[in-house]
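For reference, the structure is listed below as structure tokens.
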Amino acid sequence: MDFKQCPLKYRLRTVDRIPEPPARPAVRGTLVHAVLESLYGLPSGERVPDRAAALVEPAWRHLLEDRPEVGSLVPDGTLDEFLGEVHRLVRAYYQLEDPTAFDPESCESMLEVRLADGSPLRGFVDRIDVAPGGALRVVDYKTGRSPGPGGEHRALFQLKFYALMMLRLRDVVPAQLRLLYLSDGQILTYRPDRDELLRFERILSALWAAISSALRTGEFPPVRSWLCEFCEYRGLCPEFGGSPPPYPGPPSQVEDLR
Ligand code: SF4
């Protein structure tokens, strides 16, 4: 998806591997995901709002131990406010689902698969649910707001990406994929069909061919869009007066299509 949005951004992140500085919304999202993962580690009857709230502070301490640099995003005296934002999102989750009502198959799984033409796919899936009859549901939590008309395409791309990975890994078309937007309580649901996923697979193969060609030539043009506002590489981007470092050449192993 990075390459489709902006080839230069893909290059700086995936080929040059220039780390992005931590951002407060991303860290807030990481915490909410950690809390929900821990919540689903509890017996179903214990997954009540109070238990979820009690998981927020330990999740923050754990994150600080792992990545001390995130502490700089929360200036002295503002921790309560920051954790309050996390608490609000966790409470909002209960408006969308009842976590005491089912047991997921897995949480926070990394999926990897290669398509027949060698295109590598990789993605982290927040939750996979399997109904007693075998129907598969893939769920992704979003701590931002649901997309406006311009952003739906991106969300749908992500959902199809997950659906195709499940099809190729398990030979099953998921019954449902859901994005849960905690900030505004919206749910985006997608029910894929096999033919649509096979068409999407051809799109990904073409995308992988374009990436492979760019890796050979070093041509990764910047593509300006509204998403530049959130891009951490603006300082290195010619569209914003910067210059990227010299192209380091293709890595020995290219990561994946994301
Ligand atoms: S600022 Fe915009 S054009 Fe530049 S690298 Fe980032 S996404 Fe691409």
Side-chain angles (χ1 to χ4, degrees), residues 1-33 67 69-70 72-73 110-112 119-126 140-162 164-165 179 181-184 186 188 190 200 202-258:
M1 193 68 191
D2 276 350
F3 186 84
K4 216 159 119 50
Q5 179 209 325
C6 172
L8 179 59
K9 181 176 175 182
Y10 174 88
R11 190 206 115 177
L12 296 172
R13 177 185 270 167
T14 307
V15 182
D16 298 61
R17 294 175 184 260
I18 297 173
E20 293 164 87
R24 188 168 161 130
V27 171
R28 193 172 52 213
T30 301
L31 277 179
V32 172
H33 280 75
R67 298 170 53 200
E69 72 277 9
V70 302
S72 65
L73 296 171
M110 192 182 81
L111 305 182
E112 282 184 289
S119 308
L121 309 190
R122 183 165 72 170
F124 284 91
V125 175
D126 289 341
D140 199 60
Y141 313 120
K142 299 288 184 195
T143 48
R145 303 181 73 78
S146 56
E152 271 178 8
H153 179 69
R154 189 176 170 84
L156 198 58
F157 186 96
Q158 185 189 359
L159 290 174
K160 286 182 182 173
F161 192 91
Y162 288 154
L164 180 61
M165 278 201 292
L179 296 182
Y181 291 93
L182 304 184
S183 273
D184 56 1
Q186 299 294 311
L188 187 66
Y190 168 56
F200 183 66
R202 290 195 286 276
I203 291 171
L204 288 189
S205 291
L207 188 59
W208 179 243
I211 292 174
S212 302
S213 164
L215 288 167
R216 278 193 304 275
T217 61
E219 293 292 317
F220 290 87
V223 174
R224 199 171 175 139
S225 74
W226 62 275
L227 288 164
C228 294
E229 190 189 331
F230 307 103
C231 178
E232 297 295 347
Y233 299 115
R234 272 176 299 182
L236 297 173
C237 177
E239 290 289 321
F240 292 86
S243 314
Y247 179 53
S252 55
Q253 190 187 354
V254 176
E255 280 286 304
D256 49 46
L257 272 167
R258 270 183 293 183

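Whatever order the structure lists them in is the order used to number ligands and atoms, beginning at 1. Counting from 1, the numbers follow the sequence of the chain as shown.
- Residue contact annotation: Leu227 has no non-hydrogen atom under 4.0 Å from ligand 1.
- In terms of protein heavy-atom proximity, atom 6 (Fe) of ligand 1 is closest to Cys231 SG, 2.4 Å.
- Near Phe240, meaning under 4.0 Å from any of its heavy atoms, are these atoms of ligand 1: 1 (S).
- Interface atoms of ligand 1 facing Arg234, defined by a heavy-atom separation under 4.0 Å, are 1 (S).
- Salt bridge annotation for Asp140-Lys142: present, with a cationic side-chain nitrogen under 4.0 angstrom from a carboxylate oxygen.
- The ligand atoms of ligand 1 that sit less than 4.0 angstrom from a heavy atom of Gln5 are 7 (S).
- By the criterion of a heavy-atom distance under 4.0 Å, neither the backbone nor the side chain of Leu236 is placed next to ligand 1.
- Aromatic ring pairs are classed by plane angle as parallel below 30°, tilted from 30° to 60° and perpendicular above 60°; the pair Phe220 and Tyr247 is tilted.
- Taking 2.8 Å as the criterion, Cys6 does not count as a coordinating residue of atom 6 (Fe) of ligand 1, since none of its N, O or S atoms falls below it.
- Phe230 and Trp226 have perpendicular rings, their planes meeting at more than 60° on a 0 to 90° scale where under 30° would count as parallel.
- The shortest contact between atom 3 (S) of ligand 1 and any protein heavy atom is with Val223 O, 3.4 Å.
- Shortest contact from atom 4 (Fe) of ligand 1 to any protein heavy atom: Cys237 SG, 2.4 Å.
- Between the side chain of Ser119 and the backbone N or O of Trp208 there is no donor-acceptor pair closer than 3.5 Å.
- Residue Pro222 approaches ligand 1 through these ligand atoms, each under 4.0 Å from one of its heavy atoms: 3 (S).
- Ser72 places a side-chain N or O within donor-acceptor distance of the main-chain N or O of Glu69, the cut-off being under 3.5 Å.
- Distances from atom 2 (Fe) of ligand 1 to the heavy atoms of Cys228, Pro221, Pro238, Gly235 put Cys228 nearest.
- Geometrically, Arg224 engages Phe240 in a cation-pi contact, judged by NZ or CZ lying under 6.0 Å from the ring centre and within 45° of the ring axis.
- Taking the centre of each ring, Tyr181 and Tyr141 stay at or above the 6.0 Å mark.
- The main-chain N or O of Ala26 is found under 3.5 Å from a side-chain atom of Thr30 such that the two form a donor-acceptor pair.
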